[in-house]
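Beneath this line is the structure, given in structure tokens, with notes to follow.
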Amino acid sequence: MKIAIASGKGGTGKTTLSTNLAAYLAEKQEVVLVDLDVEEPNSGLFIKAELLREEEKYKMIPQWNPDTCILCGNCQEVCNFHAVLKLGEQIMVFPELCHSCYACSELCPTNSLPMVPQKMGELKHFNSGTLSFIESRLEIGQEQAVPLIRQTNKYVEECFSEQVIKLFDSPPGTSCPVIEATKDADFIILVTEPTPFGLHDLTLAVETMRELKKNFGVVINRHGIGNDEVEKYCSAENIPLLARIPNDRQIAELYSRGELLYKKIPGVKEQLDLLIHHIEGLESAGER
Amino acid sequence: MKEIVVISGKGGTGKTSITASLAYLGGKDIVLADCDVDAADMHLLMQPDFGQAKDFYSGLIAEIRQDDCIQCGKCADICRFDAIPVIDGKYIVDPLSCEGCGYCPRVCPTDAIDMLDMNVGKWYVSTIKTGTTMVHAKLGIGADNSGKLVAHVKNEAKRIAEEEDKEIVLVDGSPGVGCPVVSSLSGAKFVVLVTEPTVSGLHDLKRVYELVDKFNIPAGCIINKADLNPQVSAEIESFLKQENIGHIASLPYDENFTAAMTQGKTIVEYDENNLNEILTQSWAKIKQIA
Amino acid sequence: MKIAFTTKGAKWDAQMDTRFGRAQFILLYDDSTDSFTSIDNSAVENVAHGAGPQTAQKLFDLKPNVLITGNGPGGNAATVLTKAGLKIYIGAGDMTVRQAYEAYKQGELKAF
């Protein structure tokens with residue numbers, strides 16, 4: 001079972017929900033939490049676990065071989081991303097602009113741009129009892145999250161059996177990294193706030209999930225502030241409302257210190273139970 | 001004409017609410033540019049009339065003309081993004097996977113693949129409730145914000161500001177540390193950093209300031225929800241001192257932020273007390289320094 | 001000596017463009033012959049990512065000794081410009097080209 005936790009914009013409580021849900025589920029079963037918000041992975045600030053493994057992750061980029069290059073400029077011409085430039089008598093490659101499409105390399109008449117691996121980030125694998133935690137972090141200056149997300153998903157697939165429940169903390173927004181992070185999930189939890197901003201960003205996220213033909217539900221964070229427009233929207237659109245995490249200044253304070261909530265705030269635990277109940281329903285429906 | 005850019009690195013710090021308040025205080029002296037295109041929420045507070053709308057194109061996408069395709073499969077073989085699956089015996093480009101690299105048309109023996117300009121959204125020039133102009137954009141699904149779109153929104157705002165002789169272009173900047181934020185910052189006269197005293201807030205503030213510093217742009221900081229964690233707030237303040245960043249103001253954790261938003265109002269319209277006063281002073285300070 | 005400026009117009013009295021990668025024009029002044037060349041850089045508007053290195057490539061081919069600009073180039077563009085071996089001065093964003101040239105002569109601009 002793969003569950004992605006996503007939201008239309010940043011700062012809605014996506015990471016808070018992911019980490020609390022993971023830790024709570026892990027009290028009863030084996031769980032893996034994967035932080036796919038590779039540009040700003042913050043889940044690790046809330047999870048205390050032991051580092052098991054560390055891997056460098058690479059993407060393929062062209063590397064210029066001046067000895068065989070005839071300076072025809074074909075590479076510069078075929079690169080739609082302006083990642084290869086001919087500067088006088090030399091060819092320069094800009095790794096962070098490169099999408100690893102291989103066009104320059106494979107279309108070079110003298111094979112002077114072989115593809116070589118370049119470090120784009122790091123994957124870390126932590127463990128604490130039944131809870132495993134995988135975090136990938138993009139190197140500063142690297143702009144493309146998608147390849148790292150793809151490789152992280154692959155790592156998780158190879159490391160854990162089908163039975164293990166997998167939670168994916170996705171990047172915010174509705175752009176390519178979110179699509180990459182959610183497209184293989186069996187179910188998606190959209191986290192939002194009951195405010196006009198929250199509703200607006202939720203509608204965008206819902207559009208995206210419908211486009212991807214995904215099964216999804218909504219969790220309202222900071223329930224009690226704002227208004228009930230998100231609830232009305234969900235019921236009008238027939239979107240299941242899975243849980244309502246209460247608004248509480250104490251929650252904000254615990255978050256600011258990097259602490260888990262459900263152990264200290266009973267209301268949060270209750271709502272997580274509701275959410276887990278829904279997930280278990282999905283699982284048994286899937287087995288049937 | 002001065003360009004003032006508000007950025008935060010991380011989402012949820014209250015950047016848009018604060019920028020909208022500054023815009024409200026700026027009244028007709030400013031032109032507003034919303035470059036936070038991934039989560040463009042400013043319009044919810046400023047009541048734009050969506051006066052002029054135009055399509056925005058960015059990047060390319062491959063399309064196979066089925067009449068000319070001989071099903072040789074070369075395009076699918078070379079595509080590194082698995083974007084050309086075979087559906088009902090036909091090679092079809094999956095628009096969500098295609099990155100627009102343009103490799104496939106170069107290997108197609110029958111020239112059956114076109115690279116089309118991709119319509120990624122719309123941009124608008126609107127009149128807002130303060131009577132001034134706002135330039136903003138809305139992206140389609142799976143479309144990435146880009147330096148190009150940000151530059152476009154800002155250029156339009158600057159052009160209007162020059163035409164109408166406005167003092168200030170106020171920019172709600174893009175999140176993160178990538179190309180869109182570089183484009184948001186380029187040309188800025190002054191940067192307002194909005195942060196919150198959380199472990200992730202401080203972390204992201206440092207990351208985004210690296211960029212501001214590299215561009216040599218003077219900056220000031222507003223700490224939102226400052227009383228939420230006095231210890232991290234103090235850490236932020238010492239970071240500001242060390243980097244010589246002006247501490248413009250600290251705002252308390254206040255649910256009026258949300259209450260104002262719920263009514264579609266900026267904080268300064270809704271709150272008549274503490275928040276209003278701090279934000280009014282902040283705007284005066286920003287205008288003075290920038 | 002050849003000096004390049006990032007500008008908003010093709011004239012000596014044009015405003016400087018604060019931006020590097022997305023500058024509208026590059027103005028090239030050769031003080032040994034007192035001659036001007038202007039290069040329209042507005043096509044860069046259509047570049048989604050990587051405007052900086054594109055503009056830097058143009059400068060590379062123009063081979064000026066000095067570049068005078070506003071906020072300064074980003075990382076990628078700076079790499080190209082370093083290869084071109086030119087000196088970069090910043091902080092001229094609010095000036096006209098003429099003022100920027102004078103400021104440079106007086107040593108008032110900051111080296112990048």
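Just so we're on the same page: letters track the sequence lines, and every chain starts at 1.
Rounding to the nearest 0.5 angstrom, the gap separating the CD atom in B:Glu196 from the CG atom in B:Asn229 is 10.5 Å.
Heavy atoms closer than 4.5 Å to chain A are found nowhere in B:Lys225, neither backbone nor side chain. Proximity to chain B (any heavy atom under 4.5 Å) is restricted, for A:Ser100, to the backbone atoms N, CA, C and O.
Note: B:His152 and B:Trp123 meet the aromatic proximity criterion, with ring centroids under 6.0 Å apart.
Judged by distance alone, the side chains of A:Thr15 and A:Asn42 never bring a donor and an acceptor atom under 3.5 Å apart. Using a 3.5 Å distance cut-off with no hydrogens or angles, the side chains of B:Ser184 and B:Ser174 do pair a donor with an acceptor.
Ranking B:Val232, B:Leu202, B:Val107, B:Asp227 against chain A, the residue ahead of the rest is B:Asp227, based on heavy-atom pairs under 4.5 Å. Contact count versus chain A (heavy atoms, under 4.5 Å) is highest, among B:Ala259, B:Cys79, B:Gly100, for B:Gly100. Taking chain A as the reference chain and counting heavy-atom pairs below 4.5 Å, the highest number among B:Leu60, B:Thr16, B:Thr258 is found for B:Thr258.
Of the possible polar contacts, none joining the B:Asp114 side chain to the B:Leu116 backbone as a donor-acceptor pair under 3.5 Å is found. Checked by atom type and distance alone, the side chain of B:Ser17 never pairs as donor or acceptor with a backbone atom of B:Gly14 at under 3.5 Å.
Applying the side chain to side chain contact (heavy atoms under 4.5 Å, CB included) rule to A:His200 yields the partners A:Leu204, B:Asp41, B:His43, B:Leu44; only residues at least two apart in sequence or on another chain are considered.
Taking 4.5 Å as the heavy-atom cut-off, the residues of residues 244-261 of chain A that approach chain B are A:Asn247, A:Arg249, A:Ala252, A:Glu253, A:Tyr255, A:Ser256, A:Arg257, A:Gly258, ordered by number.
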